[in-house]
Number of protein chains: 2
Amino acid sequence: MTSAENLVKGGHERSSCPIASTLDILGDKWSLILVRDLLTGKQRYNQFCSSPEGVPTNLLAARLRKLEAQGIILKEPYQTRPVRYAYTLTPAGRALLPVLQEMSRWANSYIEGTWTPPEAFMSMKAKV
Amino acid sequence: MTSAENLVKGGHERSSCPIASTLDILGDKWSLILVRDLLTGKQRYNQFCSSPEGVPTNLLAARLRKLEAQGIILKEPYQTRPVRYAYTLTPAGRALLPVLQEMSRWANSYIEGTWTPPEAFMSMKAKV
DNA sequence: TTCGTCACTTGAATATCACAAGTTACTCTG
DNA sequence: CAGAGTAACTTGTGATATTCAAGTGACGAA
């Protein structure tokens with residue numbers, strides 16, 4: 001059972017369709033890229049910046065803010081002096097793993113030239 | 001094995017990551033809504049228009065064109081006088097079913113108020 | 001004191017979006 | 001045959017979002 005504090009905060013959904021609602025929250029070019037990076041161990045602003053897709057830094061900041069507000073990621077300082085932040089996935093964020101795995105499977109089958117993710121990623125189980 | 005004619009035509013991908021490549025093709029607010037409608041039996045322009053999300057007609061036309069160009073959907077006249085068109089999914093399009101199923105599962109667990117899709121949809125197998 | 005790094009902001013140009021209205025081709029009704 | 005209706009779009013306009021480049025502030029190291 002999913003308790004209330006694990007729920008994502010949607011804004012103004014277009015409909016109650018689960019697919020449409022998911023897209024309202026994650027349906028853009030960058031959000032799921034960030035979730036991918038977080039699932040594969042990246043935690044810091046600079047690490048996201050240096051992913052091969054090259055997210056513009058203002059969009060990165062905006063997306064991180066939005067995903068945090070929605071309860072998909074968590075921002076915490078992991079040191080003071082100077083203060084540095086680590087971003088991590090909430091249970092809701094980690095639960096997106098199967099979506100990304102299916103996307104990978106699809107791309108590997110239907111888009112030429114996509115690399116196959118590490119076996120570790122494809123066989124990973126979301127521990128929520 | 002997937003033969004060449006079943007492959008999707010990506011434009012200029014940001015990277016060879018299968019997730020990023022998928023998002024380059026489908027990472028917007030409307031494309032997967034259309035795939036959902038097609039998977040659930042809708043075939044015509046007006047039917048897409050009347051989905052509860054209310055896609056603007058200019059975007060609908062643009063997305064249909066794009067998805068057709070990418071090889072995810074097929075546009076065929078199903079009658080002449082007057083000519084009327086039916087849109088259907090290609091094998092690549094049908095293969096997106098598991099992605100949508102996982103999105104539904106995620107939304108049902110983590111977004112409050114989403115309706116659960118018909119059992120028929122959730123247990124459907126993509127016959128590619 | 002100057003340099004570099006991290007984590008962002010700001011600004012300007014461009015692209016995309018939503019909303020409303022119009023168009024074309026045809027059929028159907030009276 | 002005039003007028004209304006429907007399907008499948010297209011066009012125009014203003015708002016919003018995205019990209020690209022550059023700048024900022026806090027700190028730490030040399």
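On a predicted model such as this, the values are computed, not experimentally measured, just so you know. Both backbone and side-chain heavy atoms feed into the values below; hydrogens, waters and symmetry mates do not. Sequence lines set the chain letters: A, B, ... in the order given, protein chains first and strands last, and positions in each chain run from 1.
Of the residues in residues 47-65 of chain B, those with a non-hydrogen atom less than 4.0 angstrom from any atom of DNA chain D are B:T57, B:N58, B:A61, B:R65. Residues from residues 20-41 of chain A lying near DNA chain D, meaning a heavy-atom separation below 4.0 Å, are A:W30 in numerical order.
There is a path of hydrophobic side-chain contacts, each under 4.5 Å, that joins A:L23 to B:M122.
Within the structure, side chain to side chain donor-acceptor pair (under 3.5 Å) pairs that include any residue of residues 12-21 of chain A comprise A:R14-A:D24, A:S15-B:E53 (at least two apart or interchain). Judged as a side chain to side chain donor-acceptor pair (under 3.5 Å), not a single pair has a partner in residues 117-126 of chain A (not counting sequence neighbours). Residue pairs that meet the side chain to side chain donor-acceptor pair (under 3.5 Å) test with at least one member in residues 55-70 of chain B, sequence neighbours left out, are B:D28-B:R63.
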Using atom names, set out every protein N or O paired with an N or O of nucleotides 2-6 of chain C below 3.5 Å, distance rounded to 0.1 Å.
| residue | atom | partner | partner atom | Å |
| --- | --- | --- | --- | --- |
| C:dC6 | OP2 | A:N46 | ND2 | 2.9 |
| C:dC6 | O5' | A:N46 | ND2 | 3.0 |
| C:dC6 | O4' | A:R84 | NH2 | 3.4 |
| C:dC6 | O3' | A:R84 | NE | 3.4 |

| message | Between B:R44 and B:Y78, does the side-chain hydrogen bond (donor to acceptor under 3.5 Å, both in side chains) criterion hold? Intermediate values first, please. | response | CA-CA 10 Å; B:R44 290 167 47 181; B:Y78 65 92; 2.6 Å; yes
| task | Could you walk me through whether A:K42 and A:S51 pass the side-chain hydrogen bond (donor to acceptor under 3.5 Å, both in side chains) test, one step at a time? | result | CA-CA 10 Å; A:K42 296 191 181 178; A:S51 282; 2.8 Å; yes
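Nearest-nucleotide positions on DNA chain C place A:V83 closer to the 5' end than the other of A:R14 and A:V83.
No donor-acceptor contact under 3.5 angstrom links the side chains of B:T116 and B:N108, judged on distance only.
Proximity of A:W106 to B:I19: side-chain heavy atoms (C-beta onward) are nowhere separated by under 4.5 Å.
Taking a 6.0 Å sphere around CD of A:Q47, one finds it holds more than 12 heavy atoms contributed by other residues, nucleotides or ligands.
At least one cation-pi condition fails for B:K75 and B:Y87: the charged atom is not both under 6.0 angstrom from the six-membered ring centre and inside a 45 degree cone around its axis.
Rounded to whole Å, the distance from CD on A:E76 to P on C:dA7 is 15 Å.
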